[in-house]
2 protein chains.
Amino acid sequence: MKGDKKITLGLVDDHTLFRRGIASLLREFDELDVLFEAANGIELQAQLKAHEKQVDIILMDISMPKMNGYESTAWIKDNFPHTKVLALSMFEDEKAIINMLKAGAVGYMLKESRPSDLLMAMNTIMEKGFYINELVTGRLLSSLQHDKQTQQTSLKITERELEFLQYCSTELTYKEIAAAMNVSPRTVDNYRESLFAKLNIKSRTGLVVYGIKNDLIKL
Amino acid sequence: MKGDKKITLGLVDDHTLFRRGIASLLREFDELDVLFEAANGIELQAQLKAHEKQVDIILMDISMPKMNGYESTAWIKDNFPHTKVLALSMFEDEKAIINMLKAGAVGYMLKESRPSDLLMAMNTIMEKGFYINELVTGRLLSSLQHDKQTQQTSLKITERELEFLQYCSTELTYKEIAAAMNVSPRTVDNYRESLFAKLNIKSRTGLVVYGIKNDLIKL
DNA sequence: TTTGACTACCGTAAAAATACCCTGGCAAAA
DNA sequence: TTTTGCCAGGGTATTTTTACGGTAGTCAAA
């Protein structure tokens, strides 16, 4: 049922031990060919450009410094449309799933998964072009159709808002954050309210949890 | 400089892909012998009891369901005193480091580390009995001596407080948390203030971040 | 039995966070 | 050029959070 061609892979994850571990694990499978590893989106771009061989699937972490999983996935979709992205995340978070799928990922798996599940997912992707599991349900996919405008605008978190989001995970008050960011307290109010509206969140706590789950905040 | 005996290892991490990956990676080294893997402290206990062979080093994650890294490490120290625990964590968090060391870990490394660093750390542990790096500094170790009473009391988070801490990471207000916990709003105020005092934290945000870093809150 | 720890509760007041209204500059895109 | 989005700022009001002062029952350890 599988093709006789090896599946060519790329790994993107900033946790070196995890990345190297997965690479070692996957190299034990004859039907897989791990072409390269990258610690973030920037490295990934270089690797993809350097390889002449077509890369079938990229296992992509979400939380990474420099260029995260969303941006990296979108970039791949634009520049290497034949390369499929399978998201690998720590968290079962609906927003993260939606965002990755919207960026162009064809599947979403947890790092708790078993190696055999991962292998099966990759085979499915090679056959059907996508992988649907209990995390990626029909409901989610249909919601993707509708929210195109909603979600697209909601995804655009600006630089200042991101900076503000970082400060939200500290014990600084908004007034102190304003001082740290060199703006008026009213302005940080705007950042907050803008993020609340975009992400459908109602409290600073919610922002922090969202930021951590989506790796916008590094602890 | 290394002994000619293989270092026997056990892995404890709830993320299957990471655990299996690390296992595969470490099995490539001749001087290592990975005896078993476990997804949490309970499994670890069973594995340790089942193996006659002495386990030299256990690579231990902190955040795990059922029985976390702190409890597991303390249990090993009590029941298998010759087995060393090397903590493997996602986070560079001083409190987590201190707690793991206090529980009996002989070293603390990040999952960002390179495999060669991990190997070196394990060799160091076999030679000297402990591994000190930039995360585990002399200052930290000396603070361990002093805070025995401070930390011990400060560590005692009660069941209700822990439950409350979970709710803190949601978008519920304290009043709503009180309703969810079936107590008066005043009572959750006490939980909060008690935690603030114990952990030297001043805001709900701080509680949430502390809880996540120390795996008291599961996202 | 006394002590300490945990649980649960109450009142008051100040500080912080949140919601909703608004203006204007500036740069990039249409 | 007009529009759009981001950035920065302002006013007002309410809700929530936080701080600080207490009391009391239970249960286990000293």
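Computed from heavy atoms alone, side chains included, the values below leave out hydrogens, waters and symmetry copies. Residue numbers start from 1 in every chain, and the chains themselves are labelled A, B, ... in the order their sequence lines are given, proteins ahead of strands.
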To the side chain of [X], which of [options] is closest?
| X | options | answer |
| --- | --- | --- |
| A:Arg160 | D:dC7, D:dG11, C:dA8 | D:dC7 |
| B:Val183 | D:dG9, C:dA8, C:dT12 | C:dA8 |
| A:Ser184 | C:dA19, D:dG10, D:dG22 | D:dG10 |
| A:Lys175 | C:dA16, D:dT17, C:dC6 | C:dA16 |
| B:Arg186 | C:dT18, C:dC9, D:dG10 | C:dC9 |
| A:Thr173 | C:dA17, D:dA19, D:dT17 | C:dA17 |

Task: Charged tip of B:Arg192 within 45° of B:Tyr174 ring normal and under 6.0 Å - done: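 Yes, B:Arg192 sits over the ring of B:Tyr174.
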- [ ] Please determine if A:Arg114 and A:Asp117 form a salt bridge, counting it only when a charged side-chain N lies under 4.0 Å from a carboxylate O.
- [x]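 Counted as a salt bridge, because a side-chain N and a carboxylate O are separated by less than 4.0 Å.
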Open item on the list: For B:Asn214 and B:Tyr70, which I'm curious about, is there any donor-acceptor pair between the side chains at under 3.5 Å?
Closed with: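 Side-chain D/A pair, B:Asn214 to B:Tyr70: present.
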Open item on the list: For A:Thr205 and B:Glu171, which I'm curious about, is there any donor-acceptor pair between the side chains at under 3.5 Å?
Closed with: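 No donor-acceptor contact under 3.5 Å links the two side chains.
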What does [X] touch in the nucleic acid at a heavy-atom separation under 4.0 angstrom: a base, only the sugar-phosphate, or nothing?
| X | answer |
| --- | --- |
| B:Ser194 | nothing |
| B:Arg192 | base |
| A:Thr187 | base |
| A:Glu161 | nothing |

Open item on the list: Whether A:Thr158 contacts D:dC7 is assessed here as follows: a side-chain N or O lying under 4.0 Å from the phosphate OP1 or OP2. Is that the case?
Closed with: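 For D:dC7, OP1 or OP2 has a side-chain N or O of A:Thr158 closer than 4.0 Å.
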Task: Distance below 4.0 Å between A:Tyr174 side-chain N/O and C:dT18 OP1 or OP2 - done: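 Yes, A:Tyr174 has a side-chain N/O under 4.0 Å of OP1/OP2 on C:dT18.
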Task: Side-chain donor/acceptor contact of A:Asp189 with base of D:dG9 under 3.5 Å - done: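 No.
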Task: Between D:dA8 (C1') and A:Glu163 (CD): distance, integer Å - done: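 Value for this atom pair: 14 Å.
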